[in-house]
Each structure stands twice: as structure tokens, then as C-alpha cells.
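Values in this document were obtained by computation on a predicted structure and should not be read as measured data. Hydrogens, waters and symmetry mates are skipped; everything else that's a heavy atom, side chains included, is used.
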Amino acid sequence: MKTEEILMIVDAVSREKGIEKEIIFRAIEAALATATRKKHPKDIDARVEIDRKTGEYKTFRRWEVMDDESEEFETPERQILFAAAQKRDPDIQVGDFIEEPLEPVEFGRIAAQAAKQVIVQKVREAEREQIVELFQDRKGEMMTGVVKRMERGDAIIELSGAEALLPKGKMIPREGLRPGDRIRVYLEDVQLVPRGPQLFLSRTAPELLIELFRLEVPEAGEGLIQIHSAARDPGLRAKIAVSTSDARIDPIGACVGMRGSRVQSVSNELAGERVDIILFSNNPAEYVINALAPAEVASIVVDEESHSMDVIVDETQLSQAIGRGGQNVRLASELTGWELNIMTDEEAQEKGAAETKDVISLFMQSLDVDQEVAEVLVEEGFTTLDEVAYVPKQEMVAIEGFDEDIVEELRTRARDALLTKAIAMEEKISGAEPDQTLLDVEGIDEHMAKLLASNGIVTGEDLAEQSVDELLELEELGIDEERAKTLIMAARAPWFAEE
């Protein structure tokens, strides 16, 4: 390779690809070094240095300096021990390289092809880095792209001169994308990976629905209408919650548009996905009632501790509230962030009776009282031993038939029962020995690990195999659904790393 050819290649590639010349010089140096190693009869290491002004280059053979006691000294053709290296250069350090000039070889067709491959690879890496840098700050945006081609079910989308990946699992089912189709996508992630696209798109993300409404509804784009959340069954049905602080604006009407024009535009972009526009409320129960529309709700029982609601509907409204395949209640649950249990009035009464029976049994056993006393406590709203032990004394004294002596005795028994339970739990925990793989899971401290181990979840793999519901059943953990999901996904991280 002539010196003037090197300068011409650097200049041409830099202009064509918009890449810094230094990156291309380094790529050519790596290519020439690779070709040199392939030409040499021994397994040597080589370095090539190109003069940035003249294009002339020098070739060096080099040896890495290894510690005299190193067990990794295996290749004398590429390595040299520290003692021997010091004889050549007294200032040399372990980890440095000893170099000597090497006569540049004439590169034939095969060597030139190898050099070309290295250059192409380095240029592609530089292009990928540029793409990541360009789109990193745009993560979480909606963009417009053109379907370039289909690969094994995935779609490659052209985005402002860059290729992005729309995985099959992120496409709207049965949409049938074809090359040349112009679509809107949500930029979900930007990564620098060894091969393939670095921009990962989605057509199923709820955020895409939100961005489409901000585009189609000027009041939402300007912030006059707030969009709080969205939930989707891609291609079939979606719900989006909106509100406004401006009394002159009807948020639902504005999102629907004249004769449904605005919501229809959104629906058309999402392959005919039907969109329910829900009025947001700061009152969780009212918000859930709105989210379950068009089904009518008779009453709601809110359980703050488990972040769930029992939604009671008339028998005639049951199927509509649940929806086909549970679609309506599932979307309403995702939209509001509450776990929703749809039931009829009869089912609610049966559930209430069963829960009451369990609490009465708890009080009879733990407080050593008869059924009549336990029933009085339940009728007065007591549901746990903690309430009996720690509610203000005067509240219990006010109960008909209870005097100070009875109340004090009940409170003492409740506290003794709680203490016994706590001691038993502490003994159970102290005897549990969690595996190091469980302690290594992000978000797990020693106390949490011991709690899990005491329930048979000893390793990180054990935790990874749990379901959210199974973790929530372990009340002593004191975690909510979101925390349970986070811990399980952290434990499953090695699964995805292996892939």
C-alpha cells in the first residue's frame, strides 16, 4: 500500500462517512498490523505507526513485559519476562512493551483483503458510536420512520439516515408492515452493541399512545390538558387518562375531537386500536370507576395495605366490567395502578363473611376469648391484633359491655401474642442461611435475604423462579407489587446475560 493511497483513503472515507480522520488512521494502522501478523511465519504481535502528514508508515514487532513470577507467561513470541526486558531498557515497567523495527512486508491480495475488512469494521464501529451519540438524548421520543426491510419477523426502520430495530414482539399484532410503509414509532432504548442496530423501537408502548395524543390534540401538546397514564392491548383496545385545570376545557371532548376526528387519527395510526378516554381523578375509587367505563360500578371496597380494590357490580354488568378475556379490568388496573377484583354483590358478601370468620377465629385463638367477645370486636371494626393492642384505650372502653379491666386484659393478651409471634419469626430468621447468590441480587440486604431464606428461598435462582403473587403472600417481607417485580427481575438478570 503506497503512502499517497493511505492519505487518499483517509480523506475519501472521512468525507463520505463524516468520520474523524484520526479514527480512520487508527483503523488502517490496525489493518496493517493484522496483515503483518498474518504474513509473518511466527505468531508475533505487531504495531504500525502512520505519519499523519506524509502517509509513510513504520512497522514494529513487540513483546509485552510480564512479571518474572507470572503464570500467564505462555507465548515467548509475544511476551518477555521483566528481567530480560530490563537488559534492553532499564526504565521498562511490567505491562509495557519492548519494540523493535520490523521490515514492512509487501501485501498481496489476501493481506490487502484482510486490511480492507479491518478498515470496514472500524468504520462501522465509528458510525455506530455516532448513531448512539446522536440519538442518546432522544430516548423516550416518538419518531417517524420508514420500513426498510423485514428480517426474520423483525422490521428494520430507517430513521434520519440511521437503521433501527423494531422487534416482532414490539409490533402491533396482525398489522402487516411492508417495506416502504411510513410509521410512527417510540424510541425505547439506545445501546452500543457489537453487531446490529443500536436503536430499539416499539409500536406497543403506552408512551406511543400518549405522544400521539399530544401530537393530535393541541391542548395536550401545550399542556392545557394533562395526560396521566395509558394502558394498551396493542391493536385491540387502549385506555388513556386525561384531566385539565382549566374549567373552560372539556378534556375528553377535546381528545375525541369534532365527530371523533382526533381520536380516530390516533386509532388509524395504531392499526385500528380502539381508545377509551378516561377522566382522571385524585380520588382512587372515583378514578377506578371512570376507568372501568362503560361498566357501571355499584360500590368499591379499598384495601390500602395491599393496594387493591374489590369492585362490586350488578350481575348484569359483570361481563362488561371484566371484558372479553379480562381485557377491560386488566387495562383499568394498568391505567390506575390498582389491583382490581371484580365481583357481584353476592360474591362480595361471601368474601366478607369468610374474612370476618377468619378474624373471629384469630381473636378467639390469640386472645383466648369466646366467640361472643371476638364478634363484638369485629363488629366494632377491629381486624388485627395490632389494633387491639395499640388503639387508644378510651376507644375500647367505649364499647358496650367493656370496662377498663376487660380492655386492659385484652390489650395485654394482644401484645403478648404479637411478642410471641415476633420471637418465633426472629428464631426462624436467625436459623436461615441465605446463599451468597441471593445476597448478590441488587436490592437484597442481609435482613431481607434471611427473611427469604426462612421461607425456603435460599439462592438467587430460587428468587428468580418466584412469581409476584408468591412473594406478596410472604407478609413479613412488607413489600408491594412493584417492589416484588423489581426483586424478581433483578434475580433473573443472569438469565438474560447468558443469552
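In this structure, E379 CD and E400 CD are separated by 11.0 Å, a value rounded to the nearest 0.5 Å. To the nearest 0.5 Å, atom CZ of residue R324 and atom CG of residue D233 are 11.5 Å apart. The CG atom of L166 lies 4.5 Å from the CE atom of M171; values are rounded to the nearest 0.5 Å. For the atom pair CD of E442 and CG of L487, the computed distance is 9.5 Å after rounding to the nearest 0.5 Å. Rounding to the nearest 0.5 Å gives a distance of 5.0 Å between OG1 of T204 and NZ of K170. To the nearest 0.5 Å, atom CG of residue L318 and atom CG of residue D345 are 12.0 Å apart.
Side chain of S366 to main chain of F363: no donor-acceptor pair is present (N/O by atom type, distance under 3.5 Å, no hydrogens or angles). When atom types are taken as modelled, the side chain of R232 and the backbone of P206 share no donor-acceptor pair closer than 3.5 angstrom. D462 places a side-chain N or O within donor-acceptor distance of the main-chain N or O of T459, the cut-off being under 3.5 Å. Using a distance-only test at 3.5 Å, with no hydrogens or angles considered, no donor-acceptor pair links the side chain of T244 to the main chain of P251. When atom types are taken as modelled, the side chain of N455 and the backbone of I457 share no donor-acceptor pair closer than 3.5 angstrom. Under a 3.5 Å cut-off, the side chain of S261 and the backbone N or O of G257 do not form any donor-acceptor pair. With R411 contributing its side chain and Y390 its backbone, the two residues share no donor-acceptor pair below 3.5 Å. A donor-acceptor contact shorter than 3.5 Å links the side chain of Q317 to the backbone of E296. Without hydrogens or angle criteria, E380 side chain to L377 main chain gives no donor-acceptor distance under 3.5 Å. Side-chain N or O atoms of S361 include none that pairs as donor or acceptor with a backbone N or O of K357 at under 3.5 Å.
Using a 3.5 Å distance cut-off with no hydrogens or angles, the side chains of S306 and D303 do pair a donor with an acceptor. Side chains of D440 and Q436: a donor on one and an acceptor on the other come within 3.5 Å. With hydrogens and angles left out, the side-chain atoms of E387 and T383 include a donor and acceptor closer than 3.5 Å. With 3.5 Å as the limit, one finds no donor-acceptor pair spanning the side chains of N290 and E286. Judged by distance alone, the side chains of S281 and N283 never bring a donor and an acceptor atom under 3.5 Å apart. Inspection of the T437 and D435 side chains reveals an N or O donor paired with an N or O acceptor under 3.5 Å. Side-chain contact check for Y287 and S243: no donor-acceptor pair (N or O, by modelled atom type) lies under 3.5 Å.
Scanning all heavy atoms of the two residues, the minimum distance from A291 to N328 falls at O-OD1, 4.5 Å. Across all their heavy atoms, G235 and E273 have their closest contact at N-OE1, 2.6 Å. Across all non-hydrogen atoms, the minimal contact from E481 to V468 is CG-CG1, 3.7 Å.
For the pair I157/L199, no side-chain contact is recorded, criterion being any heavy-atom separation below 4.5 Å from C-beta on. The shortest distance between side-chain heavy atoms of V311 and V313 falls below 4.5 Å. Between K21 and D11, the closest side-chain pair of non-hydrogen atoms falls below 4.5 Å. Looking at L177 and I183, their side chains come closer than 4.5 Å, going by heavy atoms from C-beta outward. By the 4.5 Å heavy-atom criterion applied to side chains, E404 and V407 are not counted as neighbours. In this structure, the side chains of I277 and V263 come closer than 4.5 Å at one or more pairs of heavy atoms. For the pair F382/V391, a side-chain contact is recorded, criterion being any heavy-atom separation below 4.5 Å from C-beta on. In this structure the side chain of W338 reaches within 4.5 angstrom of the side chain of V302, judged on heavy atoms.
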Evaluate the side-chain contact (heavy atoms from CB on, under 4.5 Å) criterion for residues K450 and E433: first the C-alpha distance (whole Å), next the side-chain angles of each, then the deciding distance (0.1 Å), finally the verdict. CA-CA 6 Å; K450 282 185 170 291; E433 287 299 331; 4.2 Å; yes
Verdict with reasoning, V10 to F25, per side-chain contact (heavy atoms from CB on, under 4.5 Å): CA-CA 7 Å; V10 171; F25 271 119; 3.8 Å; yes
Where do L410 and M396 land on the side-chain contact (heavy atoms from CB on, under 4.5 Å) test, with the steps shown first? CA-CA 10 Å; L410 288 174; M396 294 187 68; 4.1 Å; yes
Working for salt bridge (Lys or Arg N to Asp or Glu O under 4.0 Å), residues E219 and R262: CA-CA 12 Å; E219 296 89 341; R262 291 174 174 176; 3.1 Å; yes
side-chain contact (heavy atoms from CB on, under 4.5 Å) between L474 and L451, worked out: CA-CA 9 Å; L474 306 178; L451 282 173; over 6 Å; no
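Using a 4.0 Å cut-off between a side-chain N of Lys or Arg and a carboxylate O of Asp or Glu, R203 and E188 do not qualify as a salt bridge. Ion pairing of E408 with K393 is present here, as a side-chain N (NZ or NE/NH1/NH2) and a carboxylate O approach within less than 4.0 Å. Salt bridge E151/R149: present, at least one basic N to carboxylate O contact under 4.0 Å. Using a 4.0 Å cut-off between charged side-chain N and carboxylate O, E158 and K148 make a salt bridge. Comment: D154 does not engage K168 in a salt bridge, judged by the lack of any side-chain N to carboxylate O separation of less than 4.0 angstrom.
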Side chains of residues 134-146: which donor-acceptor partners sit under 3.5 Å, not counting sequence neighbours?
residue : atom : partner : partner atom : Å
R138    : NE   : E141    : OE1          : 3.1

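Environment of CD in E465: crowded, with over 12 heavy atoms of neighbouring residues, nucleotides or ligands closer than 6.0 Å.
Looking at residues two or more places apart in sequence or on another chain, you find a side chain to side chain donor-acceptor pair (under 3.5 Å) between D310 and N341, K351.
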